[in-house]
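We count residues from 1, following the sequence as given. Computed from a predicted structure; not experimentally measured.
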Amino acid sequence: MDKKLNPKIVIPFLILFCVFLNISFNHLVSYALKIPLFLDTIGTVYITFAVGWIPGIICAVLTTLADSLIGGYFLQLPCLYVLCSLSAVGVTLFFKNYVFNTNSPGIRIAYLFIMSIIMCLVISIMGGLIDSFCITFSSYTSTTPVASDYFKPNFYQIGFSQLGTNIVSRFPVNIIDRPITVFTAYGTVLLTRNLINKADAE
């Protein structure tokens, strides 16, 4: 009989690992490789899938705090972007049962795609609103452009307002990075399922 792992050890370890995953993926892709994608919620979606919404929320908050320390905006208004990560937790929680309660691979993939699209819409709107709020009320200025900044000039040129631009400029980014996030997180769940089961985390 397999020995059960202590969830009090496994879950905190997974949370810290997912925070590291979020930050490392995002900084590698966005800043090192200069690819305009937001990949800072792969770990958050994974741990919400695998363990539940409370570890997902903890992971989202810790990721934002750690990234704000790195970026120099600790406890400033840009920390509000944690709401995007929390939205990802909510969407993941909503679709979790649909994804894992079907035995059909085709239906499961369809649910994951729908989940990606819904997450894209929610996070794009949320991120755009926060972006506009921070531009208006925050003195913090990032020295490195974020993914959506590459698309903003195009929407300004065709007459979009600041708010409209901040929201719509995220769609070309999130329509790509959300499926990457969701399917990577789901694949990681399958790879680590034995570890989670041994921890008896349910």
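At distances below 3.5 Å, not a single donor-acceptor pair connects side-chain atoms of Asp40 with backbone N or O atoms of Asn22.
Atom OG1 in Thr41 sits 13.5 Å away from atom CD1 in Ile47 (nearest 0.5 Å). Separation of atoms OG1 (Thr165) and CD1 (Ile158) is listed at 8.0 Å; rounding is to 0.5 Å. Separating the CG atom in Leu163 from the CD1 atom in Ile125 is a distance of 10.0 Å, to the nearest 0.5 Å. With rounding to the nearest 0.5 angstrom, the CG atom of Leu112 is 10.0 Å from the CE atom of Met119. One distance of note links CG of Asn101 with CD1 of Ile107; it measures 12.0 Å at 0.5 Å rounding. From Cys134, atom SG reaches atom CD of Gln76 across 9.5 Å, with rounding to the nearest 0.5 Å.
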Output, in order, the C-alpha distance, side-chain angles, deciding distance and verdict of side-chain contact (heavy atoms from CB on, under 4.5 Å) for Phe183 and Ser116. CA-CA 9 Å; Phe183 280 90; Ser116 302; 4.3 Å; yes

Carefully, step by step, assess Phe171 and Phe151 under the rule ring pair (Phe, Tyr, Trp, His ring centres under 6.0 Å). CA-CA 10 Å; Phe171 284 122; Phe151 298 93; over 10 Å; no

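Taking 4.5 Å as the limit, some side-chain heavy atom of Arg178 sits within range of a side-chain heavy atom of Ile123. Between Pro78 and Ser138 the shortest side-chain heavy-atom distance falls below 4.5 Å. You'll find the side chain of Val182 stays beyond 4.5 Å of the side chain of Phe113, heavy atoms only. With contacts defined as side-chain heavy-atom distances shorter than 4.5 Å, the pair Ile175/Ile117 qualifies. In this structure, Val146 and Phe38 have side chains that are in contact, with non-hydrogen atoms separated by less than 4.5 Å. When side chains are defined from C-beta on, Met115 does not count as touching Tyr98, because their heavy atoms never get closer than 4.5 Å.
Residues Ile42 and Leu190 do not share a hydrophobic cluster, clusters being chains of Ile/Leu/Val/Met/Phe/Trp/Tyr side chains in contact below 4.5 Å. Both Tyr186 and Ile114 are assigned to one and the same hydrophobic cluster, defined by single-linkage of ILVMFWY side chains at heavy-atom distances under 4.5 Å. In the hydrophobic clustering of this structure, Leu62 groups with Val10; members are Ile, Leu, Val, Met, Phe, Trp, Tyr whose side-chain heavy atoms approach within less than 4.5 Å, directly or through other members. In the hydrophobic clustering of ILVMFWY residues, with side-chain heavy atoms under 4.5 Å counting as a link, Leu69 and Ile58 come out together. No single ILVMFWY cluster, assembled from side-chain heavy atoms under 4.5 Å apart, contains both Ile180 and Ile23.
With hydrogens and angles left out, the side-chain atoms of Ser148 and Asn166 include no donor and acceptor closer than 3.5 Å. Arg108 and Thr102 are not linked by any side-chain donor-acceptor pair at a separation below 3.5 angstrom, with hydrogens and angles left out of the test. If you check the side chains of Tyr46 and Thr192, you find a donor sitting under 3.5 Å from an acceptor.
The two residues Lys152 and Ile135 make their nearest non-hydrogen contact at NZ-CD1, 4.5 Å. Taking both residues in full, the closest heavy atoms of Thr48 and Gly56 are given as OG1-CA, 3.4 Å, listed atom of the first, atom of the second, then distance. Nearest approach of Cys59 to Val19, heavy atoms of both residues: O-CG2, 3.8 Å. The two residues Val51 and Pro55 come nearest to each other via the heavy atoms CG1-CG, 3.6 Å. The two residues Ala185 and Val45 have their closest heavy-atom pair at CB-CG1, 3.6 Å. When every heavy atom of Leu93 is checked against every heavy atom of Trp53, the shortest pair comes out as CD2-CB, 3.9 Å.
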Identify every side-chain donor-acceptor pair in residues 79-90 under 3.5 Å, counting partners at least two apart or on other chains, and give the distances.
{"residue": "Tyr81", "atom": "OH", "partner": "Asp131", "partner atom": "OD1", "Å": "3.4"}
{"residue": "Ser87", "atom": "OG", "partner": "Leu83", "partner atom": "O", "Å": "2.8"}

Can you give each donor-acceptor pair under 3.5 Å made by side-chain atoms of residues 24-32, sequence neighbours left out, with the distance rounded to 0.1 Å?
{"residue": "Ser24", "atom": "OG", "partner": "Phe20", "partner atom": "O", "Å": "2.7"}
{"residue": "Ser24", "atom": "OG", "partner": "Leu21", "partner atom": "O", "Å": "3.2"}
{"residue": "Asn26", "atom": "OD1", "partner": "Ser30", "partner atom": "OG", "Å": "3.4"}
{"residue": "Asn26", "atom": "OD1", "partner": "Leu39", "partner atom": "N", "Å": "3.1"}
{"residue": "His27", "atom": "NE2", "partner": "Asp67", "partner atom": "OD1", "Å": "2.7"}
{"residue": "Ser30", "atom": "OG", "partner": "Asn26", "partner atom": "O", "Å": "3.2"}
{"residue": "Ser30", "atom": "OG", "partner": "Leu37", "partner atom": "O", "Å": "2.6"}

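Note on ring orientation: taking the six-membered ring where Trp is involved, the planes of Phe49 and Phe100 are perpendicular (angle over 60°, cut-offs 30° and 60°). Between Phe17 and Phe13, the ring planes are parallel. Angles under 30° get that label, and only those over 60° would be called perpendicular. Between Phe160 and Phe155, the angle of the ring planes goes over 60°, which puts this pair in the perpendicular group of the 30/60° scheme.
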